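Presented below is the structure to which this report refers.
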Amino acid sequence: MKLAGRVSQVTPSLTLAIDAKAKAMKRDGIDVCSFSAGEPDFDTPDHIKQAAVDALKQGKTRYGPAAGEPLLREAIAHKLQTENQLSYAPENIIVTNGGKHSLYNLMMAMIDPGDEVIIPAPYWVSYPEMVKLAGGVPVIVKTTAETGYKITPEQLRQAITDKTQLFILNSPSNPTGMVYTPDEIRAIAQVIVEKNIYVVSDEIYERLLYDGAEHLSIGAVSPEAFERTIISHGFAKAYSMTGWRVGYLAGNLDLIKAVTKIQGHSTSNVCTFAQYGAIAAYEGSQDCVEKMRQAFAERRQVMFDGVTAIPKLTCVKPDGAFYLFINISQLGMTSLEFCDGLLTEQKVAGIPGIAFDADDHIRFSYATDMNTIERGLDRLAAFVKSKI
Ligand SMILES: *Cc1c(COP(=O)(O)O)cnc(C)c1O
């Protein structure tokens, strides 16, 4: 069968593939310690589930507006105003099928063939692929542990050409767990304004911060930065709602109208009763988020201490999200060899850094229980020992 050219330009999601392999081994009764998942291990909090159940019972089972339930768009606008100092009206917000879909829709609405999109590496796997699906050109800027895997304002300035449309900023970061400090955000904002490009700020891990790290949304830096900022966000990570598929995009009215047009001809509205769960997530008590954050904070410490105690592995301590980004370069293996060997020999699943354009690293998610973490660390240590 003849397939469209755009398909062959795109690589399948390696993170999903490894996770699937680990899950299949588990189904076969093999005791796998999995650190591959990019999702919290907690169940969705009860009051959020209940709100969706109530909505179902009340007959919220029909088509809704393509841009989302008005009540949810209001709740999002309120959250962005009070927590992030971002003044968006509900009309500036479109509810999407997760944060992934909001970014995909953004590329479809903003990127013409040949347009360049700047992406710091290590990056979330889907960014470059989405840019390519839209016909755009991903411009990858490599970062290192020395800058905490963060792009510097100089690097950003140098990567900008007259074809640059967009810069993708992700803080806290998947896969590195790094958080840009407010000063670093201000310095990046200055370049965005000076060079007059747009920035999409993927803030999906905003609530998962440790050791007093602060999140500043780049749109809150100045009115000039606000004009050039698009926010991509969602409920999946902070509220343990990955399967619900609710996210959103906030930006200027022209953009949101364009994305609504695209969504109106593709997915239409996000599952109506799922949106009522999302309303409860934003309007209800935030204690559930804090409880999960504290659990992640504890696991992070155990994982970091465990990994850095293993000879030949190094790791910058993350201050956000739920990932440890581990440097394996002293072992002289590719990240795929490392992860394949680790899964086969020790039944431990991690994600090879090549998926994020960092072949000398692996990503371990600590969104898993403490027992798995402790057993997994022992196995990881045994694996590394057998290779040196
Ligand atoms: C998980 C994730 C998303 C979006 O997830 P959804 O489930 O689609 O809401 C977006 N960006 C990053 C960096 C992520 O890790």
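For the numbers below, each heavy atom of this structure counts, side chains included, while hydrogens, waters and symmetry mates do not. Note that the structure is predicted; figures quoted are calculated from it, not measured.
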Exercise. What do the steps show when you test Arg73 against Tyr248 for side chain to side chain donor-acceptor pair (under 3.5 Å), and what is the final call?
Worked result: CA-CA 9 Å; Arg73 294 168 82 193; Tyr248 56 88; over 6 Å; no
Exercise. Taking the six-membered ring for Trp, are Phe35 and Phe364 parallel (under 30°), tilted (30 to 60°) or perpendicular (over 60°)?
Worked result: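 Parallel.
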For this session: Please state whether the rings of Tyr366 and Tyr210 are parallel, tilted or perpendicular, taking 30° and 60° as the class boundaries.
Result: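 Ring orientation of Tyr366 relative to Tyr210: tilted.
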With a 4.5 Å heavy-atom cut-off, do [X] and [Y] have their side chains touching?
X: Leu253; Y: Asn92; answer: yes
X: Ile218; Y: Ile231; answer: no
X: Cys271; Y: Arg245; answer: no
X: Ser217; Y: His215; answer: yes

For this session: Check step by step if salt bridge (Lys or Arg N to Asp or Glu O under 4.0 Å) holds for Lys387 and Glu337.
Result: CA-CA 12 Å; Lys387 302 295 163 195; Glu337 285 165 355; over 6 Å; no
Are [X] and [Y] within salt-bridge range, i.e. N to O under 4.0 Å?
X: Lys26; Y: Asp31; answer: no
X: Arg186; Y: Asp183; answer: yes
X: Asp340; Y: Lys21; answer: yes
X: Arg300; Y: Asp211; answer: yes

If you count the non-hydrogen atoms of other residues, nucleotides and ligands that lie under 6.0 Å from [atom1] in [X], is the total more than 12?
X: Arg6; atom1: CZ; value: no
X: Glu214; atom1: CD; value: no
X: His47; atom1: NE2; value: yes

Exercise. Do Ser240 and Thr44 have side-chain N/O donor and acceptor atoms under 3.5 Å apart?
Worked result: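 Side chains of Ser240 and Thr44: no pair found under 3.5 Å.
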Exercise. Among side-chain atoms of Thr372 and Asp369, is any donor-acceptor pair under 3.5 angstrom?
Worked result: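 On atom types as modelled, these side chains qualify, holding a pair under 3.5 Å.
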For this session: Keeping to residues at least two apart or across chains, list the ring-ring contact (aromatic ring centres under 6.0 Å, His included) pairs with something in residues 123-156.
Result: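 Only Trp124-Tyr127, Tyr149-Phe325, Tyr149-His361 qualify under ring-ring contact (aromatic ring centres under 6.0 Å, His included).
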Do the side chain of [X] and the main chain of [Y] share a donor and acceptor less than 3.5 angstrom apart?
X: Arg363; Y: Pro175; answer: no
X: Asn269; Y: Gly64; answer: yes
X: Tyr180; Y: Ile151; answer: yes
X: Gln275; Y: Val270; answer: yes
X: Asn170; Y: Asp202; answer: yes

Exercise. For the ring pair Phe42 and Phe296, is the centre-to-centre distance below 6.0 Å?
Worked result: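 When the ring centroids of Phe42 and Phe296 are compared, they turn out to be within the sub-6.0 Å range.
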